[in-house]
Each structure stands twice: as C-alpha cells, then as structure tokens.
Amino acid sequence: MEPRARSFDEFAEEFELLHDLTGDPVGDWLAQHLPAHGGRALDLGCGTGRHAVLLAERFAQVDALDISPAMVRIAAASRPRHNIRYLVGDLGTLPESPAYDLVLSVSTLHHVDDLPTTLTRIRDLVAPGGLALLHDGLCEGRPPARPRLYAKEVRRLLAGVARSPHNTARAWTVFRLRTGAWLAHRAGDRFLTREAFRRVHGAVFDDARFEEAPNGYAMFWRRPRVGAGPTDPALPIDVS
C-alpha cells in the first residue's frame, strides 16, 4: 500500500470527529447489503472500526485490518467487541489460504500500487461460498485539485449555514476538518472511472455484480461452493 495511505496517522482523530459530525452513508447502505450471518469476516482498511462493528453483529469472528496504527488504536479503544480482532498491517500479513466468508473493503483500494495483484489476493482469501464486497470512490472527470476542493467546501459551508443558521458552529467545524490535512489527502486520491472499475475488477472476479453505492461504486462476487468451508489458519499478530 502506498505511503500516502499511512498519512491517516497524521489526522486520525480529526477523521473520526468528522465522521461523527457528518454520518456514515456507506455504513447505512452496508446494513442493507451484508449477509445476515456468517462465520468469519475480514474488513480491509477498517479505519476506526465503524464497519467492523456492523460485521461483528452478523459474523462470529471479524478481523479488522488497517495499515495505520493511529486508526487501529482509535478503533480498539472506541469500538471494542469480543469478536473483533483489530490488526495493524496489510494484505501481506494475512494467511495464504482462503479463510473468510466475507471480505469487505470500503474506500481503501485506490491507495494500492498494484490493484490487479491486490484484487487477486483478495479473491484468494474468500472461502468457498463466501462473498467479496468491494467499495471505492469514482473519478467522474478531472482528478481533484486542492483549489477546487477548497472552493467546493466553501460552497458547502455557506449552503449549510443558510439552511440551518443555528448550526453555524457545527458547519464551521466540519469545514475546518474537511479543509485541513484531510483536504490535502483527498487531493491525492486517484479513483477509477466507473468503466475502469468494472473492467479491472471484472478481470479478476468472474461474474461479479456491480451497483451504485453512496460515495462511489461497489462490486459483489461470490466464490462457488467447490469444497469444504473456511479453515482457520494462523492470524497476524495484533500489534495495536
């Protein structure tokens, strides 16, 4: 994963506060699309654990993995569950054999250097009968530039204040958080177009299904049931 992904260490607390203030539309969407129950699930790029806790309500065991130690520390402190193991690392720290009934990734894979290789690794982690659910943002034109992003946030601030003058303090806090270190990070994001998303993911996941999702696009792929269920190989060391 690119060094830029590690930049979340620099603003993990601000990122968590921003999502407290603005909500989690992807999480609301996931609640309608996740399997009702299962054995083991993996949350790749778990951040501060917001989606890991959704998985923990439906799966017996959840491994929540993120490359940012600061994000994992917040997740472990604010969203502990008896069936979640928060882990610092990347795909290279995970076992080789298929093991998960669900592999989930939300707004993470645009950080990787070699997306086809990463997608192949994810596919190999899905147990027979298991599901891969991969979400990411989309590029709808020119890549974002900091001045354009800043101008967009100014418009968002003014519109929010106009709608709810009594929430001016909250709107200003959101503006400050979205135009600080987080804005610099967003300006470096390089998402795929919708067509490229389907092409790149579809080349690895045969018969995948795609659909629109909040803040981006999503792929669903189920591994055929051709053998025994998931195994339980050794897990990476929890260094959070």
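- The same ILVMFWY cluster, assembled from side-chain heavy atoms under 4.5 Å apart, contains both Leu87 and Leu125.
- Put simply, the side chain of Glu211 reaches to within 4.5 Å of the side chain of Phe220, judged on heavy atoms.
- How far CG of Leu104 is from CG of Leu131: 9.0 Å, rounded to the nearest 0.5 Å.
- Looking at heavy atoms from C-beta onward, Ile67 lies out of side-chain contact with Val72 at the 4.5 angstrom threshold.
- Atoms CZ and OG, from Phe191 and Ser107 in turn, are 6.5 Å apart once rounded to the nearest 0.5 Å.
- How far CD1 of Ile74 is from OH of Tyr86: 11.5 Å, rounded to the nearest 0.5 Å.
- Considering all non-hydrogen atoms of both residues, Gly38 and Asp101 come closest at C-OD2, 4.3 Å.
- No option in Val112, Leu119, Asp114 other than Asp114 meets the side-chain contact (heavy atoms from CB on, under 4.5 Å) test with Pro116.
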### Query
Between His51 and Asp24, is a side-chain hydrogen bond (donor to acceptor under 3.5 Å, both in side chains) present by the stated rule, with each step listed?
CA-CA 9 Å; His51 302 146; Asp24 181 15; 2.9 Å; yes
#### Entry: Stepwise side chain to side chain contact (heavy atoms under 4.5 Å, CB included) check, Arg123 with Arg223
CA-CA 8 Å; Arg123 183 192 64 195; Arg223 177 178 287 278; 3.6 Å; yes
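- Heavy-atom minimum distance, Arg79 versus Val53: CB-CG1, 3.6 Å.
- Ring pair His135/Trp29 is tilted by interplanar angle, where 30° to 60° counts as tilted.
- Side-chain contact between Val106 and Asp43 is absent, with no heavy-atom pair separated by less than 4.5 Å.
- Leu102 has its side chain out of reach of Val126: every pair of non-hydrogen atoms, C-beta onward, lies at least 4.5 Å apart.
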### Query
Between Phe59 and Asn83, is a side chain to side chain contact (heavy atoms under 4.5 Å, CB included) present by the stated rule, with each step listed?
CA-CA 8 Å; Phe59 288 83; Asn83 58 337; 5.9 Å; no
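- Here the straight-line distance linking atom CG of Leu134 with atom CE of Met219 works out to 4.0 Å at 0.5 Å rounding.
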### Message
Using the rule given for side chain to side chain contact (heavy atoms under 4.5 Å, CB included), can you reason through Arg73 versus Val88, listing the C-alpha separation, both sets of side-chain angles and the distance that settles it, and then say yes or no?
### Response
CA-CA 9 Å; Arg73 281 195 295 271; Val88 177; over 6 Å; no
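- For Ala41 against Leu55, the heavy-atom pair with the smallest separation is CB-CD1, 4.1 Å.
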### Query
Is there a salt bridge (charged side-chain N to carboxylate O under 4.0 Å, His left out) between Glu212 and Arg194 once you walk through the steps?
CA-CA 9 Å; Glu212 302 292 331; Arg194 184 176 283 97; 2.7 Å; yes
### Task
Determine, stepwise, if the pair Tyr100 / Asp63 fulfils side-chain hydrogen bond (donor to acceptor under 3.5 Å, both in side chains).
CA-CA 9 Å; Tyr100 295 100; Asp63 296 332; 2.7 Å; yes
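- Using a 4.5 Å heavy-atom threshold, the side chains of Arg81 and Val62 count as separate.
- Counting heavy atoms from C-beta outward, Arg209 and Trp221 have side chains that stay 4.5 Å or more apart.
- For the salt bridge (Lys or Arg N to Asp or Glu O under 4.0 Å) condition, the pairs that include at least one residue of residues 44-55, sequence neighbours left out, are Glu16-Arg50, Asp20-Arg50.
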### Query
Between Asp136 and Thr108, is a side chain to side chain contact (heavy atoms under 4.5 Å, CB included) present by the stated rule, with each step listed?
CA-CA 7 Å; Asp136 216 336; Thr108 296; over 6 Å; no
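- Between Arg190 and His110 the shortest heavy-atom distance is O-CB, 3.9 Å.
- Side-chain contact between Leu65 and Cys46 is absent, with no heavy-atom pair separated by less than 4.5 Å.
- Leu44 places a side-chain heavy atom less than 4.5 Å from the side chain of Ile122.
- The nearest pair of heavy atoms linking Ala75 to Gly47 is CB-O, 3.8 Å.
- Scanning both residues, Pro35 and Arg58, for their nearest heavy atoms gives O-CD, 3.1 Å.
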